[in-house]
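These notes are about the structure you will find just below.
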Protein chains: 2
Amino acid sequence: MAHIERNPVYQQLNNLLRSSLAEDYSRGDRFMTEREISEKYRVSRATANKALASLVSEGLIEFRRGIGTFVRRDVIDYDVRSLVSFTEKAKAAGKKPTTELVTFGEISASEVESAVSEKLQLPDDALLWEMERIRLADRVPVIYEHRYVVKSLCPRLTRAQACGSLYRAWTDLHGLHIAGADEVIRAVLLNTAEARHLQVPARSPGLEVTAVGNVDEQQPLWWERTLYRGDQYEFHTRLGPIQSATPARGVLRLSNEADIQARSASE
Amino acid sequence: MAHIERNPVYQQLNNLLRSSLAEDYSRGDRFMTEREISEKYRVSRATANKALASLVSEGLIEFRRGIGTFVRRDVIDYDVRSLVSFTEKAKAAGKKPTTELVTFGEISASEVESAVSEKLQLPDDALLWEMERIRLADRVPVIYEHRYVVKSLCPRLTRAQACGSLYRAWTDLHGLHIAGADEVIRAVLLNTAEARHLQVPARSPGLEVTAVGNVDEQQPLWWERTLYRGDQYEFHTRLGPIQSATPARGVLRLSNEADIQARSASE
DNA sequence: GTTGACACGGTGGCTTAGCCACCGTACATT
DNA sequence: AATGTACGGTGGCTAAGCCACCGTGTCAAC
């Protein structure tokens, strides 16, 4: 690992280790030692330690003095894949994801709300993909999403791809590296149109998530406003700095028991 | 900073730097250089770098090669204080926080739902504080919370303290170090009783947050089920690993404009 | 046979010394 | 005035080495 690259070695190493972690290890396993990493990747021990320390503060692994470093959680549980991709989230919950494409087209940045084009940091003449989709888990509609995607970053996006996992289209076909997303979560009532799409009664509770997704740490790739069925979806998050800093995870609720209904009906 | 202490030096240094960061620096400032820290705290440069790298992966500061390290955000914006404490959140939003204590008492762990006592990892004979509170920002009710607190960790808690900031009572009076909390966020409809407490129409949308708070990284301190008024509160979060790993932040909405109402009414 | 003291090897924690690529700036050159 | 260049400071990284800690296995004592 010569340091000719543009990015610092410890960042590259970081990604390598995170991949290796996701593929070859699972919760509770003993990870590679600093000295092993140092030798395997031809890096100094200090650099190996720095990369490991980074994974520690992300909550992926933990140090145990005098013993080694150990995997703290199922990494797929944490990976951006499962944070951003509905397809992966559904699979992780043991459900079959499908997509119903409502609309799909092209639009100029000058035509969208200024809030959107500002968040995407685009000039007025930029082009966007616009789409509305309904995501279903085991045939049950869970998400109704309205999304704008910067066309210049994935010009070859097709209608067919929009019917499946955008995450895969971005990563596999366009070679994009999804870094993460900024989300704002609010509680809303679904209006009749939205409720119909999600096959629930009008004025049902839902989560509205407004998000901007980023490529390579800073470059905005998409903007979305997404409605989640309140009885099917919940967000998990961990507050606080050390040892954790685990981002919020949206998860499909495994149980279909209507405890929320029970609560609401208990009035 | 001799290494006689029980905890690793870089962790102590980490806390020192985080404190210094919160007190003496603000967004955009240039932070201390590795060499300055190395000299000031009598630590090797490698250790200084490791501590800084930890702050970087928490999203507090960022490295700029050849220039220095810079503060990325208003630290209070990130600190556990403002993540966990409603009082601090309200102040940060420029609003005056007040509390209405509905109930306050003592209860045995054997009497509460098993879900609660399990999450708090308590034996059956342990004692808990139980309380219901309504939190207001500028006299507007925002939160209705039901909370259980492990009594052994804060035996001197009083009714008067429960009328104010529990966070302050814990940290200042009992010397506890709040490490963070695990939260689950869901969308619900408020039933009549809940809606009355929050002074909104029945069947208004709300966020239900079930959380377990921790002391010193692992020891559970409280369990809570909290209802947030949908029109007054939203959660911000950042997904993905590097450069960020910023936990979810619940924030009071500054604008009272009813854009959610507008959405829901547009059906 | 069981127990316990102790040495050994491996791990992360930490230091020291030093070189490199990068950045801004101040100064000299054109 | 515009351009180029040298310099000092910064984070990135390597190298070699010592320490405290941990588990384990050996071996002596009981």
Side-chain angles (χ1 to χ4, degrees), chain A residues 1-17 20-21 25 28-72 216-218 242-243, chain B residues 1-18 20-21 25 28-72 217 242-244:
Chain A
M1 182 162 331
H3 48 291
I4 318 166
E5 307 285 344
R6 215 59 183 169
N7 285 331
V9 175
Y10 73 88
Q11 280 186 19
Q12 304 172 43
L13 183 57
N14 217 300
N15 292 327
L16 286 174
L17 292 182
S20 170
L21 196 54
Y25 296 85
D29 283 0
R30 213 186 114 152
F31 198 53
M32 289 179 277
T33 68
E34 295 182 357
R35 290 170 174 87
E36 283 170 6
I37 294 172
S38 162
E39 186 176 356
K40 178 173 180 180
Y41 296 98
R42 300 313 193 91
V43 185
S44 78
R45 229 190 98 198
T47 303
N49 177 280
K50 189 171 180 178
L52 284 173
S54 185
L55 295 182
V56 168
S57 69
E58 287 172 26
L60 290 174
I61 60 177
E62 69 180 21
F63 283 136
R64 294 188 199 163
R65 188 164 18 185
I67 312 181
T69 69
F70 292 80
V71 181
R72 270 175 56 87
D216 291 333
E217 303 305 336
Q218 283 296 3
I242 260 175
Q243 168 218 52
Chain B
M1 181 159 332
H3 49 288
I4 318 165
E5 308 284 342
R6 219 54 184 171
N7 287 331
V9 176
Y10 72 88
Q11 280 186 18
Q12 305 172 44
L13 183 57
N14 217 304
N15 292 328
L16 286 174
L17 293 182
R18 201 181 287 114
S20 170
L21 196 55
Y25 296 85
D29 283 1
R30 211 186 119 153
F31 198 54
M32 288 179 278
T33 68
E34 295 182 357
R35 290 172 175 86
E36 283 171 7
I37 295 173
S38 163
E39 185 176 355
K40 180 173 180 181
Y41 296 97
R42 301 313 195 90
V43 187
S44 80
R45 230 190 99 199
T47 302
N49 177 281
K50 187 169 181 178
L52 284 174
S54 185
L55 295 182
V56 167
S57 69
E58 286 173 25
L60 290 174
I61 59 178
E62 68 180 18
F63 284 136
R64 294 188 198 161
R65 188 164 18 184
I67 313 181
T69 68
F70 292 80
V71 181
R72 269 175 58 85
E217 304 302 337
I242 262 177
Q243 167 222 49
S244 65

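A, B, ... follow the sequence lines: proteins, then strands. Residue 1 opens every chain. Atom set for the values below is all heavy atoms of this structure, side chains included, hydrogens, waters and symmetry mates excluded.
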Does D/dT14 have OP1 or OP2 sitting under 4.0 Å from an N or O in the side chain of A/R42? no

OP1 or OP2 of D/dC13 less than 4.0 angstrom from a side-chain nitrogen or oxygen of A/Y10, does that happen here? no

Close side-chain approach of B/K50 and A/K50, heavy atoms under 4.5 Å: no

Ignoring the backbone of B/R45, work out which of D/dG23, C/dT15, D/dC13 is nearest its side chain. D/dC13

Proximal nucleotide (of C/dT15, D/dT10, D/dT14) relative to the B/E36 side chain: D/dT10

Which of the following nucleotides, C/dG12, C/dT11, C/dC22, is nearest to the side chain of A/R30? C/dT11

In whole angstrom, what separates A/Y41's OH from D/dC13's P? 16 Å

Selection from D/dT10, C/dG12, D/dC22 that lies nearest to any side-chain heavy atom of A/T69: C/dG12

Do the side chains of A/Y25 and A/M32 get nearer than 4.5 Å, heavy atoms only? yes

Between A/F31 and A/L17, is any pair of side-chain heavy atoms under 4.5 Å apart? yes

For atom CD1 of A/I37 and atom P of D/dC13, their distance in whole Å: 15 Å

Of the candidates C/dT15, D/dC22, D/dC13, the side chain of A/S44 sits closest to D/dC13

From CZ of A/R65 over to P of D/dC18, roughly how many Å is that when rounded to an integer? 20 Å

How do A/G66 and B/M32 order along DNA chain D: which one's closest nucleotide is nearer the 5' end? B/M32

A/T47 side chain near D/dT14 phosphate (N/O to OP1/OP2, under 4.0 Å): yes

Listed nucleotide nearest any side-chain atom of A/F63, set C/dG24, D/dC22, C/dG13: C/dG13

Starting at CD of A/E39 and ending at C1' of D/dA16, how long is that distance when rounded to a whole Å? 16 Å

With respect to the phosphate group of D/dC13, does any side-chain polar atom (N or O) of A/K50 fall under 4.0 Å of OP1 or OP2? no

More than 12 foreign heavy atoms under 6.0 Å from CD of B/E36: is that the case here? yes

Check whether the side chains of B/N49 and B/R45 place a donor and an acceptor atom closer than 3.5 Å, and report yes or no. no

Suppose we call a contact any N or O donor and acceptor under 3.5 Å apart; does that hold for the side chain of B/R35 and the base of D/dG11? yes

Any A/N49 side-chain nitrogen or oxygen under 4.0 Å from OP1 or OP2 of C/dG13: yes

